[in-house]
Amino acid sequence: MAESFPPDFLWGASTAAYQIEGAVKEDGRGLSIWDQFSHTPGKVLNGDTGDTACDHYHRWQEDVVLMRELGISAYRFSTAWPRIQPMGRGAVNEKGLAFYDRLVDALLEANIEPWLCLYHWDLPQRLEDRGGWRNRDVAYWYRDYTAIVARRLADRVAHWATFNEPNMVAYRGYGDGDHAPGVKSREAVMQAIHTLNLAHGLGVMALREQRADLKLGNIYNFGPREPATDREEDMIACRVSDAIMNRSFSDPQILGHYPEPIAAEIAPFVQSGDYAIIRQKLDYFAFNHYARSRVRWAKGTLFQFEHVAPPRGTPVTDMGWEINPDAFRQVMIDSKARYGDLPMYILENGAAFADAVDSEGRVHDPQRVAFLRAYLGAVHDAIAAGVPVRGYFVWSLLDNFEWAFGYSRRFGIVYVDFATQKRIPKESYFFYRDLARGAPLAR
Ligand code: IFM
């Protein structure tokens, strides 16, 4: 079966600053929480750090050529707050802004629409020293940073996202502690959720002040939850996990309230007027999707739940994440039902597999091609079911620094040899290129 996407469907690719840029000590960049965390022994697999990553800070022109040849019409990247405000507030680093300025111009020159995300997890360490997202003031410093970036780039960048996966910032950074800054506290998760929501609202207001016609959104992260069994405690655990991981940002930002299982615990941090700030009108509804999870009650854990591995025999990626395109289609359908009819964009979806270069210097990644075929099939089906999905951004353009997994997990459609920084487009790159050029999807 060959299926076509709407002619104006947006084909894109996503990356994030700390995962690809490297050059962490260049041109006045300040320290981020991920520099600090990755340099702490035992925090990242193999002791990997983002010091060099894909060296995109120096190789961005080559990377824009790869994108142009890929035929994508949009590229989502993030700006690094510590590159722009090395101390997190106050002084602005002109060289940092100039880097993104050049990148945006090169993208436009290549006919690629820049989609800018203001925060993909690299908080300036100086702000973490003041409590990070546990500190309400950080929301106001984030607003100032947003205004600085907007003043410089809003004349050329139309699409802005305030945060990428704020749920991961709060839960993994302040709960599990396996992401920077590595805090493990239930109260800190709740505080961080609220500060991040407030920052989102303040950021949207700052952007609108700069230009009323910008297209604004946040990038949520939806992985449906299922109870591991039908026991009462697993069902409760599942609802709590769903509230924290799937609803703690989209609900307050779009519906104006926190989901019931966590509302009472967040209430002490909510001040009068906060909800009016948080619930801003958005122009698009964006999320990332990777996998659904099974949840069970786990005594002694921070929130009394844990995620269990898929049953033996379930197809999984190199992350151990279940491959299930039907679950993805259902997320799109459910999101429309819950949050309304805003234009929907999938701003990250993709898969890690253990890719290798063959004797002819090529990278065959049939599993990723099959994954993309199936997941794009789900997008096609969701559109046919009336969901206004307007674009899809593959994660990721390049193999990159996969957080606590370092360089051990490859998500790119372009292979990166981290020793030489050579880029090799994988088979999936050519598969995606054909779709971006208008070829129908064969299923
Ligand atoms: O690499 C990450 C990205 O930074 C955020 N979304 C999930 C990806 C894969 O884990």
Side-chain angles (χ1 to χ4, degrees), residues 12-22 32-35 37-38 43-45 48-50 53-54 56 75-81 115-123 161-173 176 178-181 196 217-224 245-246 248-250 286-293 307 309 316-324 327-328 331 345-355 365 367-368 371-372 375 392-416 418 428:
S14 292
T15 64
Y18 189 74
Q19 293 180 274
I20 64 166
E21 285 179 0
S32 80
I33 54 173
W34 270 96
D35 298 297
F37 190 76
S38 64
K43 297 294 186 196
V44 175
L45 204 63
D48 290 341
T49 71
C54 305
H56 172 78
Y75 171 58
R76 180 199 131 200
F77 62 99
S78 73
T79 46
W81 187 348
W115 281 53
L116 191 154
C117 173
L118 285 151
Y119 187 87
H120 198 126
W121 307 358
D122 43 0
L123 186 73
T162 50
F163 286 89
N164 179 73
E165 298 181 4
N167 63 334
M168 299 294 269
V169 177
Y171 182 74
R172 304 286 293 276
D176 267 4
D178 63 344
H179 276 194
L196 285 158
N218 195 341
I219 306 168
Y220 308 114
N221 178 26
F222 294 143
M245 302 307 287
N246 289 326
S248 50
F249 294 93
S250 42
F287 67 90
N288 303 340
H289 170 78
Y290 287 91
R292 69 172 177 168
S293 304
H307 300 131
V316 294
T317 69
D318 211 24
M319 300 292 284
W321 296 344
E322 180 184 1
I323 300 174
N324 185 335
F328 180 36
V331 176
Y345 292 92
I346 309 306
L347 286 190
E348 275 183 34
N349 174 243
F353 291 109
D355 306 311
D365 57 342
Q367 290 174 293
R368 184 173 294 101
F371 179 98
L372 292 175
Y375 276 70
Y392 174 96
F393 290 55
V394 65
W395 183 268
S396 178
L397 179 71
L398 304 169
D399 290 338
N400 57 47
F401 176 80
E402 178 53 26
W403 309 112
F405 289 95
Y407 298 100
S408 70
R409 300 293 191 278
R410 294 183 176 272
F411 274 93
I413 55 172
V414 175
Y415 183 92
V416 177
F418 292 106
S428 54

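In listed order, ligands and their atoms are each counted from 1. Both backbone and side-chain heavy atoms feed into the values below; hydrogens, waters and symmetry mates do not. Just so you know, these numbers come straight off a predicted model, no measurement behind them.
With R76 contributing its side chain and G12 its backbone, the two residues share no donor-acceptor pair below 3.5 Å. Remark: the backbone N or O of S396 is not paired with any side-chain donor or acceptor of S14 at under 3.5 angstrom. Although no hydrogens or angles enter the test, the distance criterion places a donor-acceptor pair under 3.5 Å between the side chain of R410 and the main chain of V416.
The shortest separation from a heavy atom of W321 to ligand 1 is under 4.0 Å, placing the residue in contact.
The shortest N or O to N or O distance between N400 and ligand 1 is not below 3.5 Å. Inclusion of N288 in the set of residues having an N or O under 3.5 Å from an N or O of ligand 1 is not warranted.
Legend: residues meeting side-chain hydrogen bond (donor to acceptor under 3.5 Å, both in side chains) with S78, ordered by chain and number and at least two apart, are absent.
F405 CZ to D178 CG: the interatomic distance, rounded to the nearest 0.5 Å, is 8.0 Å.
If you check the side chains of Y18 and S38, you find a donor sitting under 3.5 Å from an acceptor.
Looking at atom 6 (N) of ligand 1, its nearest protein heavy atom turns out to be E348 OE1, 2.5 Å.
Residue-level proximity to ligand 1 for E165 is carried by the side chain, the only part with a heavy atom below 4.0 angstrom.
If you number the atoms of ligand 1 from 1 as listed, the ones under 4.0 Å from a heavy atom of E402 come out as 1 (O), 2 (C), 9 (C), 10 (O). Taking every heavy atom of H120 and a limit of under 4.0 angstrom, the matching atoms of ligand 1 come to 3 (C), 4 (O), 5 (C).
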